Amino acid sequence: MSAAPLALLVAAIGATSSGARLAAGAPAIVIAALPAPSNPDVDLLLPRGGQRGSEVEVEFRGARLADAADLLFYSPGFELLSLAAPDAARVTARLRLAPDCRLGEHQLRLLTKSGLSRLLTFWVSPFPTVNEAEPNSDFAHPQPIGRNVTLHGTIANEDVDHFVVEMRAGERLSVEVEGQRLGDAPFDPFVAVLDERRFELASCDDSALFKQDPLLSVVVPADGRYIVQLREASFGGSDRCRYQLHVGTFPRPLAVFPAGGRTKTTRAVELRGDAAGPFAMELVLPDPLPPDFALLPEQGGEVAPSFLPFRARGFDGIDEVEPNDDFAHATAAAKGAPLGLDGVIGSAGDVDCWRFTAKKDERLNIRAHARSLRSPLDPVLSIHAADGRALDSSDDTVGLDSYFGFTAPEDGDYLLRVSDQLRGGGPCHVYRLELSAQAPSLGVDVPRFGRDRQARQMVPVAQGNRYALALHANRNQFAGELAFTVANAPPGVTVTALPMARSVDTTLLLFEAAADAALTGALLEVTGDCAEPKVRGRLRQRFDFVLVAPNETSLYDVVSDRLPLAVVEPLPFTLDVVAPKAPLVQGGQVAVKVVATRQPGFDAPITLRLLGLAPGLGAQPTIVLPAGQSEALYVLNAGGETEARLHTLAILGESDAGGGELLASTPLFGIAVAPPFLAIKLDMAAAEQGQRASVVATIETRAPFTGKAKVELRGLPAEATCVEREFAAGETSLVFDVATTAQTPVGKHTTLFCQVVIEQEGEPILHFTGGGGVLRIDPPAPPAAVTAAAPAPAPAAAPAAAPAPPPAAPPAKPLSRLEQLRQKAREQAQGDAKPATGGER
């Protein structure tokens with residue numbers, strides 16, 4: 001925005017009483033001192049797990065931890081017995097883990113009086129825990145351990161840890177490592193089992209089931225001592241390469257077949273890949289299905305420390321029938337979609353074929369689940385007509401899994417073909433094909449902020465203050481308006497969830513905490529709904545825990561389904577807005593006045609960030625309210641295609657008083673976008689350097705307005721000037737008189753436009769129109785040749801008294817440069833045609 005319209009906007013807004021125009025409900029809080037630090041920074045949680053049914057002492061390490069208040073667990077089975085903060089860098093807590101606490105990974109956050117930590121994980125084991133004891137780096141001096149224990153340890157640089165366990169001939173020895181999955185560092189563990197003669201019975205680096213975390217099982221050949229060796233795969237390591245090593249006689253299968261089943265049924269399955277051989281289980285599939293449902297391997301009263309993925313769905317499934325290696329012997333489905341097809345690519349080069357029925361124009365999703373089930377299979381999927389003609393194929397569409405949408409061209413049978421991309425196979429190469437009707441779906445998440453993958457993924461709302469958060473929706477196969485609900489907000493906290501228009505994919509949530517709201521935390525359930533078509537989606541947020549170069553590749557991530565909120569101690573500032581009463585026109589600008597109420601002693605700068613911009617609305621990403629100042633203008637502009645409606649926005653303030661980031665927002669406020677009141681078209685004009693040019697503006701009034709509109713011709717070349725003009729509604733043209741100098745650049749200048757200001761309700765409405773106007777500057781014409789003077793004509797008789805002149809005619813429309821040149825040519829031609837005077841007769 002140029003200085004002139006900005007000054008108009010400032011004057012218009014400043015003329016209004018700030019106190020009278022602030023949003024209703026602005027809190028009045030008295031803060032005696034500067035605030036406590038902001039969100040805690042937890043760098044490490046130790047130990048990384050514990051045995052269910054036991055009590056565990058854990059320690060959080062980091063910064064800004066002195067005001068620790070509670071722990072937020074995302075799953076049941078945990079009781080906080082005590083919590084203490086010896087200093088700002090350390091918090092100790094005692095936990096009781098329920099006997100039926102779910103095994104494996106759990107999510108939690110540390111809650112302080114001033115914020116929430118990043119998402120952390122804690123791993124629950126079925127076994128008692130033992131700490132690694134150095135020195136155990138020498139094969140000859142391993143650390144003795146019992147059976148079925150979980151070891152907590154660290155692999156430093158070039159470290160190799162050894163553990164020895166007594167076994168009997170024919171017993172199964174299973175080993176599983178949680179290393180990369182702890183999320184503390186890029187850590188690629190390697191594990192091996194050796195006998196006392198250093199003969200290696202089995203080893204594992206990576207695994208399909210747990211990616212870079214290894215696991216193995218082996219049947220020992222003789223009574224004796226067996227060494228479990230653990231190191232980093234490339235003999236690296238660091239003090240952040242921590243692990244939980246499970247060692248014992250527990251079952252450790254690698255796959256389950258079939259890999260899915262129908263809810264409300266009991267499914268007989270076979271678990272494969274265990275060194276002791278496959279074994280059977282019966283799996284009860286409940287309805288409703290828990291969000292973390294999976295299969296826990298169990299045999300002979302012993303359980304594995306980790307689950308196997310299993311797809312329980314609300315439709316039937318069928319198992320493949322061998323041989324089905326070609327279309328003639330394809331396993332036939334007795335019914336159409338929805339349907340699950342369970343199979344295994346049982347040997348190298350194996351191919352599975354399936355036959356199913358579809359109706360003409362039936363639209364299906366066909367998805368191969370293999371890597372999503374942690375199978376080693378890399379599936380290639382193709383669909384064929386009943387006569388074998390290829391219709392479509394897919395490879396690596398969803399990660400390494402395959403998917404395509406299919407519309408049946410006619411009633412009849414169709415064929416599916418499944419193979420491994422590298423022609424591999426084996427008893428653990430299981431897969432599940434799912435056929436379902438194409439239907440709209442909705443995903444909801446919080447947009448990422450900056451390079452920190454967990455930044456701004458939580459809600460710290462201060463007592464007596466507000467916090468605004470952007471919410472993103474991913475619509476699939478529909479485009480309806482969305483309504484959002486937020487459940488589980490604590491007492492004293494109100495949530496405003498703006499609906500999401502059809503034309504946008506983000507909206508705002510505004511959280512407001514009463515001045516007397518309890519300092520507490522909550523896990524919020526966020527749901528989006530579309531009425532037509534009827535679609536529902538819930539928040540699912542992915543957090544990357546281990547990132548590596550190049551391109552910050554994610555090696556391990558977790559998915560969370562709730563939005564964490566903390567009511568925190570009061571902040572030393574609040575923010576309000578004075579929203580303009582006049583509309584923001586398409587192709588125009590408007591300024592929003594932001595008012596900060598600072599508490600005594602707080603003078604830090606506040607960075608302001610506009611939230612909720614719809615397509616076509618533009619603004620600087622941030623502006624800064626300087627130290628000690630309390631008012632600023634945030635300028636917005638609207639493109640010509642911006643949707644004409646009321647747009648609801650918020651401004652988030654970010655500051656740091658020396659103790660970390662402080663966040664508070666304005667209330668929600670509306671900006672009405674409207675069509676422009678007028679449009680201007682500029683005719684092409686031309687002038688020689690040092691001369692004047694007349695730029696004709698044709699005006700189209702599209703909406704009535706009162707008073708005079710002020711218009712400036714902008715985008716002029718250097719050394720060219722023009723005075724401001726005025727016009728009233730209904731006028732159709734005006735002329736800008738442009739003065740140039742000898743230094744005005746020669747050439748065709750295509751940057752002319754008009755800046756128009758119309759006042760409404762005492763506020764300016766700023767238009768930018770007439771873009772693309774052209775002013776051509778020519779060099780001066782060469783001087784004309786000198787000719788002899790003609791004889792003076794004889795004096796004429798005095799004329800009779802002339803009648804009174806008629807009224808002056810309105811000034812003629814200025815000639816364009818082309819018309820000027822044509823006129824000059826005509827005059828030159830007329831001069832050449834006159835009879836010569838003087839000289840010879």
Side-chain angles (χ1 to χ4, degrees), residues 70-78 101-111 116-124 181 183 263 285-296 306-307 309-314 369 372-374 398-399 440-449 453-461 467 469-476 482-490 493 495 497 500 505-509 511 520-530 535-546 554 556-566:
D70 201 356
L71 296 179
L72 286 182
F73 281 94
Y74 283 65
S75 49
F78 296 88
C101 186
R102 185 181 186 273
L103 297 180
E105 185 181 50
H106 293 263
Q107 301 174 13
L108 74 153
R109 293 178 188 265
L110 175 67
L111 173 68
L116 282 162
S117 74
R118 65 183 178 90
L119 188 70
L120 306 166
T121 59
F122 185 84
W123 291 74
V124 176
R181 288 177 287 168
T263 54
L285 307 180
D287 186 25
L289 201 68
D292 54 1
F293 181 81
L295 186 154
L296 181 64
S306 296
F307 290 79
F310 189 86
R311 292 190 63 80
R313 293 294 179 265
H369 289 276
S372 64
L373 297 169
R374 304 294 176 85
V398 185
S441 61
L442 173 65
V444 181
D445 63 273
V446 177
R448 286 180 172 171
F449 177 83
R453 305 297 179 94
Q454 292 209 36
R456 309 287 172 87
Q457 304 289 311
M458 60 190 78
V459 180
V461 56
Y467 185 85
L469 182 77
L471 197 64
H472 170 259
N474 181 24
R475 299 177 179 90
N476 180 32
L482 299 175
F484 292 89
T485 56
V486 179
N488 299 337
V493 175
V495 185
M500 186 183 293
D505 62 0
T506 57
T507 190
L508 294 177
L509 302 179
F511 302 86
T520 188
L523 297 173
L524 309 179
E525 295 179 356
V526 181
T527 305
D529 287 281
C530 180
V535 186
R536 167 167 288 189
R538 291 181 172 85
L539 178 78
R540 284 179 61 84
Q541 198 73 23
R542 184 172 66 88
F543 295 97
D544 297 306
F545 273 43
V546 181
S554 178
Y556 187 71
D557 60 67
V558 299
V559 175
S560 178
D561 61 357
R562 275 156 291 175
L563 179 65
L565 175 143

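Side-chain atoms are counted along with the backbone in the values below, which use heavy atoms only and exclude waters and symmetry mates. Each residue takes its place number in the sequence, starting with 1. Worth saying up front: this structure is predicted, and the values here are computed from it rather than measured.
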Roughly how far, to the nearest 0.5 Å, is [atom2] of [Y] from [atom1] of [X]?
| X | Y | atom1 | atom2 | answer |
| --- | --- | --- | --- | --- |
| Leu539 | Asp445 | CG | CG | 7.0 Å |
| Met500 | Asp529 | CE | CG | 12.0 Å |
| Ser441 | Asn474 | OG | CG | 7.5 Å |
| Leu482 | Leu442 | CG | CG | 5.5 Å |
| Arg118 | Met458 | CZ | CE | 10.0 Å |
| Asp561 | Gln541 | CG | CD | 11.0 Å |

Who passes side chain to side chain contact (heavy atoms under 4.5 Å, CB included) against [X], sequence neighbours left out?
| X | result |
| --- | --- |
| Arg562 | Tyr74, Leu523, Glu525 |
| Asp557 | Arg542, Asp544, Ser554 |
| Ala522 | Pro490, Leu524 |
| Ala455 | Phe449, Asp452 |

Contacts of type salt bridge (charged side-chain N to carboxylate O under 4.0 Å, His left out), residue [X], not counting sequence neighbours:
| X | value |
| --- | --- |
| Arg475 | none |
| Asp70 | none |
| Arg181 | Glu176, Asp213 |

(request) Using the side-chain contact (heavy atoms from CB on, under 4.5 Å) rule, pick out the option among Tyr556, Phe545, Phe543 that qualifies with Thr121. (result)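 When Tyr556, Phe545, Phe543 are each tested with Thr121, the side-chain contact (heavy atoms from CB on, under 4.5 Å) holds only for Phe545.
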(message) Please enumerate all residues that pass ring-ring contact (aromatic ring centres under 6.0 Å, His included) together with Phe78, with sequence neighbours excluded.
(response) Phe73, His106
Kindly write out the residues that satisfy side-chain hydrogen bond (donor to acceptor under 3.5 Å, both in side chains) with [X], not counting sequence neighbours, or none if the list is empty.
| X | value |
| --- | --- |
| Thr520 | none |
| Thr527 | none |
| Arg538 | none |
| Asp292 | Arg102 |

Could you check whether any side-chain N or O of [X] sits under 3.5 Å from a backbone N or O of [Y], counting only pairs where one atom can act as donor and the other as acceptor?
| X | Y | answer |
| --- | --- | --- |
| Gln107 | Phe122 | no |
| Gln454 | Leu119 | yes |
| Arg109 | Ser117 | yes |

Quick check: closest heavy atoms across [X] and [Y], and the distance to 0.1 Å?
| X | Y | result |
| --- | --- | --- |
| Phe307 | Leu103 | CE1-O, 3.2 Å |
| Leu116 | Leu565 | CD1-C, 3.7 Å |
| Val559 | Arg540 | CG1-NH2, 3.4 Å |
| Gly77 | Cys101 | O-SG, 3.9 Å |
| Val446 | Arg456 | CG1-O, 3.7 Å |
| Leu509 | Ala497 | CD2-CB, 3.5 Å |

(message) Measuring only between side-chain heavy atoms, which start at C-beta, is Leu110 closer than 4.5 Å to Leu71?
(response) yes
(request) Check whether any side-chain heavy atom of Phe310 sits under 4.5 Å from a side-chain heavy atom of Leu285, and report yes or no. (result) yes
(message) Please evaluate residues Val526 and Leu471 with respect to the criterion side chain to side chain contact (heavy atoms under 4.5 Å, CB included), reporting the C-alpha separation (whole Å), side-chain torsions for both, the decisive distance (0.1 Å), and the verdict.
(response) CA-CA 10 Å; Val526 181; Leu471 197 64; 3.8 Å; yes
(message) Go through it in stages, so that I can follow the logic: the residues are Thr263 and Phe293, the test is side chain to side chain contact (heavy atoms under 4.5 Å, CB included), and I'd like the CA-CA distance, side-chain angles, deciding distance and then a yes or no.
(response) CA-CA 11 Å; Thr263 54; Phe293 181 81; over 6 Å; no
(message) Apply side chain to side chain contact (heavy atoms under 4.5 Å, CB included) to residues Leu563 and Val486 and explain how you reach the verdict.
(response) CA-CA 9 Å; Leu563 179 65; Val486 179; 5.9 Å; no
